[in-house]
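Positions are given from 1 along the sequence.
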Amino acid sequence: MDIATEIRLTSREARRAVVAGAGRSFDNSVLCAVFLVPFGALAAVTYNLVVGAITMSAGLASLWVVWRVYRYFWRARRWLIRPARVRLTDESIECREEEFDVTYRWSMFTRIESGREFWFLRMIDGSTLYLPRRAFDPGQRTEIDRFMADKTRTLPAA
């Protein structure tokens, strides 16, 4: 495989990529906050102040996670929306931007997820590389999907 393309995310696409990349942890944090904060307040009033405080703290911690995701996006958006030339080969992914060039070997990824709009490539250090599907034509998308499915079976255990 040897596919090259130009990628430029809009600010909205970058936000959707970060939120989708956060995945279940983001969804679970919102759900925890929605249920735990009011339940903790109710428990503090009707049952036990300590139990209520602990429950509310868990809900507020969940809100902190959501805030961190949006804070990360706010800081990283300038980097996410800059144009990049991307080349996918059998050995690596090469990203060329105005100020720097980066090569990611496939062995650096611990998990590959295929979303509706993006491919999410999770790295060993916990960061995520986002590849927008719209940057590739349908034939390339099919080839990349097939390649990623094969790579998913051979990734090292995290």
Side chains of [X] and [Y] in contact at under 4.5 Å (non-hydrogen atoms):
| X | Y | result |
| --- | --- | --- |
| Met148 | Asp145 | no |
| Asp90 | Asp2 | no |
| Leu88 | Phe136 | yes |
| Ile7 | Leu131 | yes |

Run the numbers on Gln140 and Asp137 for side chain to side chain contact (heavy atoms under 4.5 Å, CB included), then give the verdict. CA-CA 5 Å; Gln140 290 174 329; Asp137 64 46; 3.3 Å; yes

Taking side-chain hydrogen bond (donor to acceptor under 3.5 Å, both in side chains) as the test, write out the residues that go with Glu143, two or more places apart. none

Residue list, side-chain hydrogen bond (donor to acceptor under 3.5 Å, both in side chains) with Ser114, at least two apart or on another chain: Arg133

For Arg122 and Glu113, what are the C-alpha separation, side-chain angles and deciding distance, and is it a salt bridge (charged side-chain N to carboxylate O under 4.0 Å, His left out)? CA-CA 8 Å; Arg122 312 285 183 183; Glu113 299 173 17; 3.2 Å; yes

Taking every non-hydrogen atom, the tightest pair across Ala135 and Thr5: O-OG1, 2.9 Å

Side-chain (Thr142) to main-chain (Pro138) donor-acceptor, under 3.5 angstrom: yes

Contacts of type side chain to side chain contact (heavy atoms under 4.5 Å, CB included), residue Glu6, not counting sequence neighbours: Pro83, Arg85

Considering only NZ, NE, NH1 and NH2 on the basic side and carboxylate oxygens on the acidic side, decide whether Glu117 and Arg134 come within less than 4.0 Å. no

Specify whether Tyr104 and Phe109 have parallel, tilted or perpendicular ring planes, treating 30° as the upper limit for parallel and 60° as the lower limit for perpendicular. tilted

Show your working on side chain to side chain contact (heavy atoms under 4.5 Å, CB included) between Met123 and Leu129 and close with a plain yes or no. CA-CA 8 Å; Met123 290 185 228; Leu129 182 66; 3.9 Å; yes

Taking only residues two or more places apart in sequence or in another chain, which ones pass salt bridge (Lys or Arg N to Asp or Glu O under 4.0 Å) with Glu94? Arg87, Arg96

Flag the pair Trp106 / Phe147 as yes when their ring centroid distance falls below 6.0 Å, and as no otherwise. yes

When you look at Leu121 and Ile93, which way does the side chain to side chain contact (heavy atoms under 4.5 Å, CB included) test go after all the steps? CA-CA 11 Å; Leu121 296 100; Ile93 297 175; 3.8 Å; yes

